[in-house]
Amino acid sequence: MASRAAGTYPPVPEPLAFPAVDTHTHLDICTGVRLPLGAGEPEPEVRPDEDEEFPSLDFFFDTAQAAGVQRIVQIGCDLPAARWTTALVASQYAGAAEAGAAAASSDSAAQAGAGSPAEAADFRTVPTPPSEGRTWMLGGAALHPNEAPRLAERGLLDDALTEIETLVTSHDRMRVVGETGLDYFRTGEEGIAEQQRSFRAHIEIAKRTGKALQIHDRQAHADVLRILKEEGAPEVTIFHCFSGDEQMARECAAQGYFMSFAGNLTFKNAEELRRAAAAAPLELLLTETDAPFLTPHPYRGKPGGPYLTAVTARKLAEVRGMSEEELCSAVWNNAETALGGWD
């Protein structure tokens with residue numbers, strides 16, 4: 001399907017009183033990169049149309065800084081995006097020269113047996129780093145739950161999981177195995193077994209590598225919690241875009257799972273989610289955008305970027321009866337507890 005990242009972006013909100021962290025964003029989709037596929041790999045679920053126009057990486061850095069969102073976690077959730085993420089994260093720390101080497105290395109698996117010359121003409125390279133030494137970005141990589149059955153039917157799932165483990169251990173700033181989990185909204189009964197197999201494999205990757213596990217859970221709460229219990233959750237487990245109710249928030253808190261809240265916290269029909277956010281322990285709260293998706297009210301339906309973490313952070317502070325400075329300070333510390341330092 002076409003990307004939802006093209007179009008008119010909301011205005012930059014007033015800067016926060018204390019810096020914020022976006023623990024889950026997709027700059028590959030936000031910037032509209034068309035990435036090479038390895039032999040037999042399925043097209044990404046989100047693929048930009050040729051006539052779509054997208055902001056640059058600089059736009060997302062500049063707007064984030066202007067809103068007070070100083071740290072982000074870039075997530076690649078299919079193989080092309082995971083390779084791109086690994087190269088981009090390296091580039092932000094090492095400058096353009098090392099970025100080129102990282103990009104060449106992470107693309108090697110895709111280039112072996114990549115598509116026809118006509119397809120290759122559409123590919124864009126990793127964006128040139130806006131500057132050397134930016135310390136705003138950590139990275140994560142995994143196979144989105146909906147990718148698992150698509151890869152499995154091509155006989156590629158096991159090799160893909162092996163590559164994900166290689167990517168998340170290839171750079172110190174790759175700190176997350178995610179997003180992985182279960183999605184029963186977009187995958188039918190025939191795909192559930194492979195989703196669950198992939199989820200279990202990602203849990204083991206996170207434990208073997210000492211990385212945080214970031215979970216996508218859509219209409220699959222009971223099975224996600226069950227599988228975490230059966231496999232034994234990694235030391236750091238994060239529910240990305242938490243979507244459970246107050247009872248689930250209490251269950252996650254009992255297990256020490258972090259709960260990350262996105263722009264849907266601001267939606268008019270999200271009273272149950274706001275009750276969950278109020279019930280979650282402060283020391284387990286995180287913020288995110290899932291950009292370009294889940295753009296907060298009153299801009300729902302427009303493309304989003306990490307800078308809109310500011311809107312969600314303010315709403316989360318309101319829900320919890322705190323100042324935005326107190327909330328953002330707590331989330332900043334929680335993010336470092338979960339993922340380590342950015343510097």
Side-chain angles (χ1 to χ4, degrees), residues 9-25 27 30 55 57-75 92 130-131 133-138 175 212 238-242 249 253 258-268 270-271 273-300 302-343:
Y9 277 72
V12 178
E14 289 294 314
L16 290 159
F18 190 95
V21 185
D22 180 356
T23 62
H24 189 107
T25 195
L27 292 178
C30 290
L57 195 62
D58 270 345
F59 169 85
F60 292 106
F61 177 82
D62 292 343
T63 53
Q65 299 302 300
V69 182
Q70 293 188 3
R71 293 176 170 181
I72 71 166
V73 183
Q74 157 61 22
I75 297 295
Q92 295 295 283
S131 69
R134 283 188 175 171
T135 58
W136 71 314
M137 183 185 297
L138 301 180
R175 303 279 178 81
I238 302 166
F239 275 76
H240 134 69
C241 188
F242 184 84
F258 288 89
M259 289 160 270
S260 183
F261 291 87
N264 55 337
L265 183 74
T266 71
F267 294 174
K268 292 181 179 180
E271 283 301 328
L273 184 60
R274 286 188 279 274
R275 286 194 290 272
L282 180 61
E283 65 272 17
L284 295 176
L285 286 180
L286 296 170
T287 53
E288 65 170 89
T289 58
D290 199 22
F293 312 109
L294 295 178
T295 303
H297 178 80
Y299 309 111
R300 185 177 183 179
K302 291 183 178 294
Y307 68 99
L308 293 171
T309 306
V311 178
T312 299
R314 287 189 169 109
K315 187 64 176 181
L316 187 55
E318 175 190 316
V319 165
R320 296 186 62 88
M322 304 171 64
S323 71
E324 66 181 62
E325 183 174 9
E326 291 171 323
L327 185 281
C328 290
S329 176
V331 169
W332 184 274
N333 291 332
N334 295 346
E336 289 205 336
T337 297
L339 301 174
W342 267 251
D343 296 332

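On a predicted model such as this, the values are computed, not experimentally measured, just so you know. Residue numbers start at 1 and run along the sequence shown. Every heavy atom of this structure was used, including side-chain atoms; hydrogens, water molecules and symmetry mates were not.
- Between Leu265 and Ala270, the closest heavy-atom pair is O-CB, 4.1 Å.
- Here CG of Asp22 is found 9.5 Å from CG of Leu308. Values are rounded to the nearest 0.5 Å.
- Note that OG1 of Thr266 is 13.0 Å distant from CZ of Phe261, once rounded to the nearest 0.5 Å.
- Taking CZ from Phe258 and CG from Asn334, the interatomic distance works out to 5.5 Å, rounded to the nearest 0.5 Å.
- For Trp342 (side chain) and Ile72 (main-chain N/O), a donor-acceptor pair under 3.5 Å exists by modelled atom type.
- Contact check for Met259 versus Leu286: no side-chain heavy atoms found under the 4.5 Å cut-off.
- Remark: the backbone N or O of Ala280 is paired with a side-chain donor or acceptor of Arg320 at under 3.5 angstrom.
- Atom OG1 in Thr25 sits 7.5 Å away from atom CG in Asp290 (nearest 0.5 Å).
- The line from CH2 of Trp332 to CZ of Arg71 is 3.5 Å long, rounded to the nearest 0.5 Å.
- Among His240, His24, Glu288, the single residue meeting the side-chain hydrogen bond (donor to acceptor under 3.5 Å, both in side chains) criterion with Ser260 is Glu288.
- Side-chain atoms of Glu324 never come within 3.5 Å of backbone atoms of Ala313 as a donor-acceptor pair (strictly under, hydrogens ignored).
- Arg175 places no side-chain N or O within donor-acceptor distance of the main-chain N or O of Ala338, the cut-off being under 3.5 Å.
- Closest heavy-atom contact between Pro306 and Phe60: CD-CD2, 3.9 Å.
- Side-chain contact between Glu283 and Thr337 is absent, with no heavy atoms from C-beta onward closer than 4.5 Å.
- Side-chain atoms of Phe59 and Cys30, non-hydrogen and from C-beta on, never get closer than 4.5 Å to each other.
- Proximity of a side-chain donor or acceptor of Arg274 to a complementary backbone N or O of Phe267 within less than 3.5 Å is detected.
- Taking both residues in full, the closest heavy atoms of Ala291 and Gly304 are given as CB-O, 3.4 Å, listed atom of the first, atom of the second, then distance.
- Using a 4.5 Å cut-off on side-chain heavy atoms (C-beta onward), Glu318 and Leu327 make no contact.
- To the nearest 0.5 Å, atoms SG (Cys241) and CG (Leu273) are separated by 7.5 Å.
- Here the closest heavy-atom approach between residue Arg314 and residue Pro13 is recorded as NH1-CB, 3.9 Å.
- Within the 4.5 Å cutoff, no side-chain heavy atoms of Val21 are placed close to those of Leu339.
- The environment of CD in Glu14 is sparse: at most 12 heavy-atom neighbours from other residues, nucleotides or ligands sit within 6.0 Å.
- Tyr9 and Pro55 make their closest contact through CE1-CG, 3.5 Å (heavy atoms, listed as atom of the first residue, atom of the second, distance).
- Not a single donor-acceptor pair under 3.5 Å links the side chain of Ser329 to the backbone N or O of Glu325.
- In terms of heavy-atom proximity, Ala67 sits nearest to Tyr307 at CB-O, 3.6 Å.
- Put simply, the side chain of Thr23 gets close to the backbone of Thr287: a donor and an acceptor are under 3.5 Å apart.
- Using a 4.5 Å heavy-atom threshold, the side chains of Thr295 and Arg300 count as separate.
- In this structure, Met137 and Phe61 have side chains that are not in contact, with every pair of non-hydrogen atoms separated by 4.5 Å or more.
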